[in-house]
Q: 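Please see the structure below; I have some questions.
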Amino acid sequence: MLKMSTLFLRTLRDDPADAEVASHRLLVRAGYIRRIAAGIYSWLPLGVITLRNVENVIRQEMDKAGFQEVHFPALLPREAYEATNRWEEYGPSLFRLQDRKGADYLLGPTHEEMFTLMVKGEYSSYKDLPLSIYQIQTKYRDEARPRSGIIRGREFVMKDSYSFDIDEAGLEISYQKHRHAYVSCFNRLGMKYNIVKAVSGAMGGSKSEEFLAPCSTGEDTYVLCPKCGFAANVEAMVTKVSAGDASATPALEVLNTPNTPTIDSLVDFMNAQFGGEYTAADTLKNIMLMADGKPLAVLVPGDREVDLKRLQENLGGVHELRVFEEADFAQHPTLVKGYIGPQDAAKSGIKVLADPRVAPGTSWISGANKKDHHARYVVNGRDFTPDAYVEAAEVRAGDSCPECNTEIIIDRAIEIGHIFQLGRKYAEALSLTVLDHNGKSQVVTMGSYGIGVSRAVAAIAEQTSDEIGLNWPAEIAPAKVHIVATGKEDLPFDTALEIGQKLETAGISVMLDDRRDASAGVKFKDAELIGNPIIVVVGKALAEGKVEVRVRKSGDKSEVVVADAVSIIAKLLV
RNA sequence: CGGGGCGUAGCGUAGUGGCUAGCGCGCCUGCUUUGGGAGCAGGAGAUCGGGAGUUCGAAUCUCCCCGCCCCGACCA
């Protein structure tokens, strides 16, 4: 039983000045965490209990799925990360250090290498597979910008699992098992979440989904179809556009359009000239980019920006992507800034990619590759042909769902889990092979699966807290019942203790506010701030042999006779 | 890394060249109080983020450094 009279806890009456998001503010105020440095927090007793509760839910679900827990050090030697090139690739986000002999070490940002080597060290036959192992470990990433308290820290707790299979079919099964285990975890944790299609990005591999907890303070943006439930990371959003019919479109016409280097100025000019109803959406934006030092033209409708992050993810394998700078234009004198069109791309030898919205058969106003000139009736497939199509334009609310055509909405969320079909990248780099049934050596195929454990604490706080404090689901609250004893007589305190003991005997965890010197108001405020699901007040009603039972979430209150308290509380918690 | 803001006691803050750095919460002592962050009285607690400078005099002005928060870039 947690007794407030001795609990190592000091709640704060004021919001901390350096916290903005609810989870950060309340976890500090309620005495769960304290900041040590940017993105680095210590956990006080209430915080530790809550974190452990989340860990245990995850651990139980992992074990139930047949995954086995192992544990690695956070402090790791450089070699393994050298083999996969991540010592370099991870860049400044990797915490590196040296031992007394000058040997390089790192604080593990994620453990693919170590798990791969662990399996390599023990197993060498296909008969040993499939295998899934996991750990709950402190990870270190020197984030460029830690933020929102515990949501993005530089030190954080993560549950990471890895699956090992002989072939793709096995990987798919392991992946689905993890997916199911994750669903069970997050359901038990009482979280709202969406499973969202993602692009695998830097991790390599093919299939990948994210578990996103919707929340206004989240840093991830995703699209959601309100009708069919389709959900995707904006990077993974697919644009479905049918081909246009250009058979009746007049021949390409070059126009003198003085001083129209921007889309706005061009639209104004066209409308003034032709009295038409031209909009930015009728123009073709030809954006010049540098992809790892090579020029690249990307076509998007004039009313949309290029989403560089989305484009880069969909290009795959491009490390540095940026827009053309003056120096780049100087290198390519045939490109007339503000008046570029795809019509002459073949001559310049620059690769032209088009967003799917620039569909075959569609007609556009585009640059004429000549200062102060544009062209209209520029038809894709007739007047130019893109080398390839790639998702490049920004995604907007109201765009069409690729599954059912309904207008999608855009929402923010915290990423709480991510599951990947990694494939053979790490197994290959570290030579993790097993013999197949023919005695032939096969590279193992892997999956990697993460849950941000400490982040989940924050995400749950974000989703459940209200104006007056935290408000935990029963499974992870520091205690299921918070008993407040009021008054100055011994009776309420003795009764409160008795009820607490009976609850604990019944397997229900209890926090007891047995402080003699604190006023009732202080105790109520603290109980609400701390956020245990049931609050029992032992005080005034005792005159009639009753105690008050409050449900933190709903605010419902009822008075029950002391003898029935335990059974009634037990029912409320089911 | 770019932009913005901030740094005064455990927490929240006032103080823009001049007396002993002020207030609230919290903490300690005593008395009163005890169902919605109690009252009175007394008390402890601050190298004003650090350093250098300007000045008779610096929390306050100047320069350098450090740290923190927010937006963006980045981010398994």
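Residue numbering restarts at 1 for every chain, and letters A, B, ... go by the order of the sequence lines. If you're wondering where the values come from, they're calculated on a predicted model, not measured in any experiment. Hydrogens, waters and symmetry mates are skipped; everything else that's a heavy atom, side chains included, is used.
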Q: For B/G57, give its Watson-Crick or G-U wobble partner with both distances under 3.5 Å, or none.
A: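 Paired with no nucleotide.
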Q: Write down the distance separating the C1' atoms in B/G45 and B/G2, rounded off to the nearest Å.
A: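 After rounding to an integer number of Å, I get 41 Å for this pair.
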Q: Classify A/Val537 by what it touches in the nucleic acid, base, sugar-phosphate, or nothing, heavy-atom distance under 4.0 Å.
A: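 It contacts base atoms.
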Q: Can you find a donor-acceptor pair, distance only, under 3.5 Å between A/Glu528 side chain and B/G36 base?
A: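 Indeed, a donor on one side and an acceptor on the other fall under 3.5 Å apart.
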Q: Would you list the pairs meeting salt bridge (Lys or Arg N to Asp or Glu O under 4.0 Å) in which at least one residue belongs to residues 151-164 of chain A, sequence neighbours left out?
A: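 Sorted pair list: A/Lys139-A/Asp160, A/Asp142-A/Arg154, A/Glu143-A/Arg152, A/Arg152-A/Glu219.
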Q: Measure the acute angle between the ring planes of A/His418 and A/Phe420, then classify it against the limits of 30° and 60° as parallel, tilted or perpendicular.
A: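 Parallel: the ring planes of A/His418 and A/Phe420 meet at under 30°.
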Q: Could you work out the separation of B/G24 and B/G18 based on their C1' atoms and round it to a whole Å?
A: 27 Å
Q: Using the salt bridge (Lys or Arg N to Asp or Glu O under 4.0 Å) rule, take A/Glu112 and A/Lys425 through it: C-alpha gap first, then chi angles, then the decisive distance, then the call.
A: CA-CA 10 Å; A/Glu112 278 79 8; A/Lys425 174 176 172 181; over 6 Å; no
Q: Determine the Euclidean distance between corresponding P atoms of B/A14 and B/G49; express it in Å to zero decimal places.
A: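 About 14 Å, rounded to a whole number of Å.
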Q: Hey, what's the ring geometry for A/Tyr41 with A/His24, parallel, tilted or perpendicular (30° and 60° as the breaks)?
A: perpendicular
Q: Using atom C1' in both nucleotides, what's the gap between B/G15 and B/U54 to the nearest angstrom?
A: 22 Å
Q: What is the nucleic acid contact for A/Tyr162, judged by heavy atoms within less than 4.0 Å: base, sugar-phosphate only, or nothing?
A: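 Touches nothing.
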Q: Check nucleotides 42-46 of chain B for protein N or O atoms closer than 3.5 Å to its own N or O atoms and list the pairs.
A:
none

Q: I'd like the P distance from B/G12 over to B/G26, given in whole Å.
A: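 My reading of the P atoms in B/G26 and B/G12 gives 15 Å.
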Q: Roughly how many Å apart are B/C71 and B/G57, using the C1' atom of each and rounding to a whole number?
A: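 41 Å, rounded to whole Å.
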Q: Rounding to an integer number of angstrom, what distance separates B/G7 and B/G50 when you compare their P atoms?
A: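 Each nucleotide's P atom is 13 Å from the other's.
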Q: Less than 6.0 Å separating the ring centroids of A/Phe211 and A/Phe186?
A: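 Yes, close enough.
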Q: Do A/Glu69 and A/Met62 come close enough that some side-chain heavy atom pair is under 4.5 Å?
A: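 They are not in contact (no side-chain heavy atoms under 4.5 Å apart), so the answer is no.
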Q: Within the structure shown, what part of the strands sits under 4.0 Å from A/Ser148 by heavy-atom distance: base, sugar-phosphate, or nothing?
A: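 Since only primed, P, OP1 and OP2 atoms lie under 4.0 Å of A/Ser148, the category is sugar-phosphate.
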Q: Got a list of protein N/O to nucleotides 10-12 of chain B N/O distances below 3.5 Å?
A:
{"residue": "B/G12", "atom": "OP1", "partner": "A/Ala17", "partner atom": "N", "Å": "2.9"}

Q: Checking base pairs now: Watson-Crick or wobble, both atom distances under 3.5 Å. What partners B/C63?
A: B/G51
Q: What's the closest nucleotide to the side chain of A/Val522 if the choices are B/C69, B/C70, B/A38?
A: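 Of all the options, the side chain of A/Val522 is nearest to B/A38.
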Q: Would you mind classifying the nucleic acid contact of A/Ala37 as base, sugar-phosphate or nothing, using non-hydrogen atoms under 4.0 angstrom?
A: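 A/Ala37: backbone/sugar contact only, no base atoms under 4.0 Å.
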Q: Between B/C25 and B/G39, how many Å separate the two P atoms, rounded to a whole number?
A: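 Approximately 7 Å lies between the P atom of B/C25 and that of B/G39.
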Q: Could you check whether the side chain of A/Arg550 and the base of B/G36 have a donor-acceptor pair of N or O atoms closer than 3.5 Å, going by distance alone?
A: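 Side chain to base: pair present.
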Q: For B/G10, which nucleotide is its Watson-Crick or G-U wobble mate, given both distances must be under 3.5 Å?
A: B/C25
Q: Aromatic rings A/Trp472 and A/Tyr32: how do their planes relate, parallel, tilted or perpendicular, breaks at 30° and 60°?
A: tilted
